[in-house]
There are 2 protein chains.
Amino acid sequence: MDNIKRLDQRIELLRPILGFEGVTFQQLREIADCSFEKSYSKGELIFDQGEKCEFFYIVMKGLVKVSIYGSSGNKITYLLAGTGEPLNLVGPFTGNPRYLSAESIENTSILLLRNEDFLAYTYRHPVVIKNIMSILGYAIDSANDKILDMIEKRVEQRLIKVLHTLQKKFGQRLKFTSRDFAELAGTTTESTLRAMAQFRKRGMIKSNRGEIIILDPGFMENQGFEVYWV
Amino acid sequence: MDNIKRLDQRIELLRPILGFEGVTFQQLREIADCSFEKSYSKGELIFDQGEKCEFFYIVMKGLVKVSIYGSSGNKITYLLAGTGEPLNLVGPFTGNPRYLSAESIENTSILLLRNEDFLAYTYRHPVVIKNIMSILGYAIDSANDKILDMIEKRVEQRLIKVLHTLQKKFGQRLKFTSRDFAELAGTTTESTLRAMAQFRKRGMIKSNRGEIIILDPGFMENQGFEVYWV
DNA sequence: CGAGCAATATGATGGCCGTCATAGACGAAC
DNA sequence: GTTCGTCTATGACGGCCATCATATTGCTCG
C-alpha cells in the first residue's frame, strides 16, 4: 500500500522531466517499477570522479552540487540539481567514468535507475533522446560561455551573473556560502567576500551566515546579464 | 559513373565515424544517398552563431575551426574538425540555434545531411546515439577542464597543453598562427608570442610564419600533461 | 557549556598578464 | 613594383586578483 504510494510519487516526479510528458501512465509505471531510492545526509558524497557509472540518478528531494576538482585543489561547481533533475545524463550511455563528483548540500533523496533500464526506455522514446541532447547542448554552451567570462569579465561581474542565475532558479533567498558562490564563479572565497561587501554597500543584497538575500531582483535584469545554466 | 564513385567516397568517409562500423554497406549507401557536398574556400564562414540548424555537417576534406565569440570581441576556439569529423552533433536533434560558429581555415569540402535524414538514421542505430553521447561527454568534460585551467594554470602551461593536444592530432608541424593558439588557450596574441619566444629559447619549438614545429615531442609527454579535446 | 570548526571579514603584498604602443617582415593582390 | 593587411616581435605600464595573514563570529556536537 505504502509501496504503491511511493510508486505514484516517483511517476509524478518523472513526468515533468526529460520530455516524459507524452508518455502514458502505464509506461511511466514501468520505469518507476525498477527504480529504487537512496538517502544521503548533508555533505555526503553521492559519486566521485573516476568511478564507473552504473546508475542514472535523479534528485527526488534536496539539493545536489555536481563539481569537478583541479589538480591544485581548486574546485568548480557546474550543476546544482534540485527535485526532478538528473545528475548524470551521459554516464548511463557510456558507462565510462567521467570527471564529475556529486555531493549533497542538503539532506537528499535520490532515485536510482540501472543504466540498462534507463537506456532501454530512452531508446523506445526518441523524444527523450532529443531532450537529453538539448540539455547537453546547453551544458556545453554554458561551459564555453564561462570560459569566455573567465577571459573578459572580472570577478564582480561573474558573481553578479551567478547571483542572477541562482535567483532565477531558487528565488531571492539563496542559502549558499561564499565558498559555494566562489566555486560557481570560478574565483576564491576571499574575492567573493570582498565583492559581496561591495554589493552590500550598494544595497544590492543583504546577508546572514550561510545565506544571501537579493534585495533588488530587477537590478540585474536591467544590466543585460545572461544567465548560466546550472 | 562519377556519381557512383563519389557515393563510395562518402560511404568510406562515414564508415569510421560515429560508430558506423557495424553498419552494412547498403545502409551506409542509404544515408550517403541523401547527402550532398558543399565547398568553402579558406576563411569562409560555414555557419554563424544564432542561426537555426537545418543540416548535419561532416568535414570531408580540409580543416574547420568551431568557435564562440564573447561580447567584447574575444573569441575562443573549441573544436578543430578535420576529415571525417562532425561539426554539430547537437543541432540536428533540436534544430535550435546555438552559440557556435564554424569557419574553414583551409579550403574545405563539407558533407551535408538534412536533420531528418540524420536523425531517422541514428534512431535506428542505438550505437550511434551512444557514440554521440560519449563525444558530448568528452566535450563537456574538456570545457570544464579548461575552466579549471583558466583558474589554476598560467598562460605558458595552457599553451603547452594546447601544443601537446594539437601535436597528438596533427603531428609535430602545426600550421596555425599565434592568434589561433591564443584562441585555443584562452589568452591574447601578445602573450602567446611572448610564451612562444620562451619555448624557442628553451629549444622546445622552432617557428616560421604561420607554423610552429615541435622539436622534442617527448618533452611534453613527460610533464604529465593531459590533452584537451579539440 | 566549552571546544572546535566553518564562515565571515579585511588588510597587505606581489606578480601575472592584458592593454597599448611601435616596428619590422612576409605574403597577396593589383 | 607598390601597397596593404596579417603575422611576428618586444617594451612599458598598470590593475586585477590570488595568496597569505590575522581576527571575529556563529553553529554544532559531544
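Reminder, nothing fancy here: chain letters follow the sequence lines and each chain counts from 1.
If you measure from atom CZ of B/R194 to atom P of C/dT22, you get 15 Å, rounded to the nearest angstrom. At whole-Å resolution of the value, CD in A/E156 and P in D/dA18 are 13 Å apart. The nearest whole Å value for the distance from the NZ atom in B/K153 to the C1' atom in C/dC17 is 18 Å. Between the NZ atom of A/K42 and the P atom of D/dC27 there is a distance of 12 Å, rounded to whole Å. What separates CG of B/D149 from P of D/dA18 is a distance of 15 Å, to the nearest Å. Taking atom CD of residue B/E190 and atom C1' of nucleotide C/dA23, one finds them 14 Å apart after rounding to whole Å. Here C/dC5 presents its C1' atom at 9 Å from CZ of A/R209, a figure rounded to the nearest Å. Spacing between atom CG of B/L193 and atom C1' of D/dC7 amounts to 8 Å, rounded to whole angstrom units.
For B/S142 (side chain) and B/A139 (main-chain N/O), no donor-acceptor pair under 3.5 Å exists by modelled atom type. Side chain of A/S104 to main chain of A/E44: a donor-acceptor pair is present (N/O by atom type, distance under 3.5 Å, no hydrogens or angles).
Among the heavy atoms of the strands, none lies under 4.0 Å from A/T189. Within 4.0 Å (heavy atoms only), A/R154 reaches sugar-phosphate atoms of the nucleic acid but no base atom.
One finds no salt bridge joining B/K175 and B/E106 here, because no Lys/Arg side-chain nitrogen approaches an Asp/Glu carboxylate oxygen to under 4.0 Å. Looking at A/K75 and A/E103, a side-chain N of the basic residue comes within less than 4.0 Å of a carboxylate O on the acidic one, giving a salt bridge. Under 4.0 Å is where a charged nitrogen must lie from a carboxylate oxygen, and between A/D141 and B/R98 at least one such pair does.
At D/dA18, one or more side-chain N or O atoms of A/S191 fall inside 4.0 Å of OP1 or OP2 (strictly under the cut-off). For C/dT8, neither phosphate oxygen OP1 nor OP2 lies less than 4.0 angstrom from any side-chain nitrogen or oxygen of A/S207. Between B/T188 and C/dG18 there is a side-chain polar atom (N or O) within less than 4.0 angstrom of OP1 or OP2.
Note on ring orientation: taking the six-membered ring where Trp is involved, the planes of A/F36 and A/F55 are perpendicular (angle over 60°, cut-offs 30° and 60°).
Proximity of residues 195-205 of chain A to DNA chain C (heavy atom under 4.0 angstrom from any strand atom) is restricted to A/A197, A/R200.
Atom NZ of A/K169 has more than 12 heavy atoms from other residues, nucleotides or ligands within 6.0 Å.
For B/T177, whose side chain is taken as the heavy atoms from C-beta onward, the closest listed nucleotide among C/dG18, D/dT8, C/dT8 is D/dT8.
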